[in-house]
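Along the sequence shown, residues carry numbers from 1. Note that the structure is predicted; figures quoted are calculated from it, not measured.
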Amino acid sequence: MRIYSSYSEAEFEKVREKGMAYGMSPTMFQRYCVLLHLGYKADEFKNINLQELKDMMEANLYAKKPNETFIVSALLPPEIWSSLNRSQKITLSLYLKELIDSEPEKFEVAAVLHNKIKQYRRKGG
């Protein structure tokens, strides 16, 4: 089932900003809020410190050795990655893409794997 909602630009921007703070798209954040209001458990939406995860990812990224390949999930411990919801994983994937794109002299896309997952490589040298 789907429910459609309309927001003013200012309302949508607040929903988007708050959702981003939780690592969620506006749609996912709206669902989270409604289910929480209805009294449903929201364990899958537990508050995750995205900045902490971004910092951890970045540290692990720069620790990669020349010619080493990796995917986004390899930059966090498996128990953390597996506990994230889809929106949080997408947010972290987009952050990694930003990092990679900002330093083309250090990193490159090595391959595109199944399900369009990008495998990156730290350039040799």
message: Please tell me whether Y95 and E58 have a donor and an acceptor in their side chains that are separated by less than 3.5 angstrom.
response: yes
What pair of heavy atoms forms the shortest contact from [X] to [Y], and how long is it?
X    : Y    : value
A110 : T69  : CB-CG2, 4.2 Å
P66  : G124 : CB-CA, 3.6 Å
V72  : S93  : CG1-OG, 3.6 Å

To the nearest 0.5 Å, what is the distance between [atom1] ([X]) and [atom2] ([Y])?
X    : Y    : atom1 : atom2 : result
F70  : R122 : CZ    : CZ    : 8.5 Å
F12  : S5   : CZ    : OG    : 11.0 Å
K64  : N60  : NZ    : CG    : 6.5 Å
T91  : R86  : OG1   : CZ    : 10.5 Å
K14  : S8   : NZ    : OG    : 10.0 Å
L113 : Q119 : CG    : CD    : 5.0 Å

Taking side chain as C-beta onward, heavy atoms only, is [X] less than 4.5 Å from [Y]?
X   : Y    : answer
L92 : M57  : yes
Y7  : Q30  : yes
L96 : Y120 : yes

field: Partners passing salt bridge (Lys or Arg N to Asp or Glu O under 4.0 Å) against R121 (at least two apart in sequence or in another chain)
entry: E108
Set of residues satisfying salt bridge (Lys or Arg N to Asp or Glu O under 4.0 Å) with respect to K106, sequence neighbours excluded: E103
message: Between V112 and I117, does the side-chain contact (heavy atoms from CB on, under 4.5 Å) criterion hold? Intermediate values first, please.
response: CA-CA 6 Å; V112 178; I117 296 171; over 6 Å; no
- prompt: Between K65 and E68, does at least one N-O distance fall below 4.0 Å, as a salt bridge requires?
  reply: no
query: Checking side-chain contact (heavy atoms from CB on, under 4.5 Å) for the pair L35/R31: CA distance, chi angles, key distance, verdict?
result: CA-CA 6 Å; L35 292 177; R31 180 175 181 263; 3.7 Å; yes
- request: Examine M56 and I100 and state if one hydrophobic cluster contains both, with Ile, Leu, Val, Met, Phe, Trp and Tyr joined whenever side-chain heavy atoms are less than 4.5 Å apart.
  value: yes
Shared hydrophobic cluster for V109 and I90 (ILVMFWY, side-chain gaps under 4.5 Å): no
With a 3.5 Å cut-off and sequence neighbours excluded, list the donor-acceptor pairs that the side chains of residues 73-81 form with protein atoms.
none

- prompt: Is there a donor-acceptor pair closer than 3.5 Å between any side-chain N or O of E52 and the backbone N or O of N49?
  reply: no
task: Could you label the plane-to-plane angle of the F107 and Y62 rings as parallel, tilted or perpendicular, counting under 30° as parallel and over 60° as perpendicular?
output: perpendicular
- prompt: Does a sphere of radius 6.0 Å around CD1 in I3 hold more than 12 heavy atoms from other residues, nucleotides or ligands, not counting ones at 6.0 Å or beyond?
  reply: no
- request: Kindly check if the number of other-residue, nucleotide or ligand heavy atoms within 6.0 Å of CD (E9) is above 12?
  value: no
